[in-house]
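Just so it is clear, the model here is predicted, and its values are computed rather than measured. Numbering of residues begins at 1 and proceeds along the displayed sequence.
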Amino acid sequence: MKTAILSLILCLASSLAFAYTDLEKVRQLKSCPNCVLRSVSFANIDLTGVDLTGADLQFANFRNATLYKAKLDGAYLRGANFSGARWIDGVTTCAQGSIGGCNTEQAPK
């Protein structure tokens, strides 16, 4: 009986050890469709090719991040900061104050 309980505990512990949080899925697997990542900072991170389809990214910080070929279809981006993010072609940067989407138009001086 003790052996069976110990085996069960070890099995559960090993399965928990390999469970990824939503943030780890993004950073390690570059894929986290429908994840909840509100207010998470991705500032200065290379997220090339990341799949965040349908994710809740409300108030997330993508300042100066690389989002080339990122999939954000259906993502909730209210208040997300894209200032300085490289997105469209991996080179062009979003204008200062790009909130909720990437504005490539520079503000008039």
Atom [atom1] in [X], atom [atom2] in [Y]: separation rounded to 0.5 Å?
X      : Y      : atom1 : atom2 : value
Asp51  : Lys69  : CG    : NZ    : 14.5 Å
Lys25  : Cys35  : NZ    : SG    : 5.0 Å
Cys102 : Leu72  : SG    : CG    : 11.0 Å
Ser39  : Asp56  : OG    : CG    : 9.0 Å
Glu24  : Thr21  : CD    : OG1   : 3.5 Å
Cys94  : Asn103 : SG    : CG    : 8.0 Å

Can you confirm whether [X] sits close enough to [Y] that some side-chain heavy atom of one is under 4.5 Å from a side-chain heavy atom of the other?
X     : Y     : answer
Leu57 : Leu52 : yes
Thr53 : Asn34 : no
Phe62 : Ile45 : no
Leu47 : Val26 : yes
Phe59 : Arg38 : no

Closest heavy-atom contact between [X] and [Y]?
X     : Y     : result
Val91 : Asp89 : N-OD1, 2.8 Å
Ser83 : Ser98 : OG-N, 3.4 Å
Leu37 : Leu23 : CD2-N, 3.9 Å
Val36 : Asp22 : N-OD2, 3.4 Å

| query | So, Tyr68 versus Trp87, ring centres under 6.0 angstrom or not? | reply | no

| field | Between Arg86 and Thr93: side-chain donor-acceptor atoms closer than 3.5 Å | value | no

| request: Return yes when atom NZ of Lys30 has more than 12 non-hydrogen atoms of other residues, nucleotides or ligands closer than 6.0 Å, and no otherwise. | output: yes

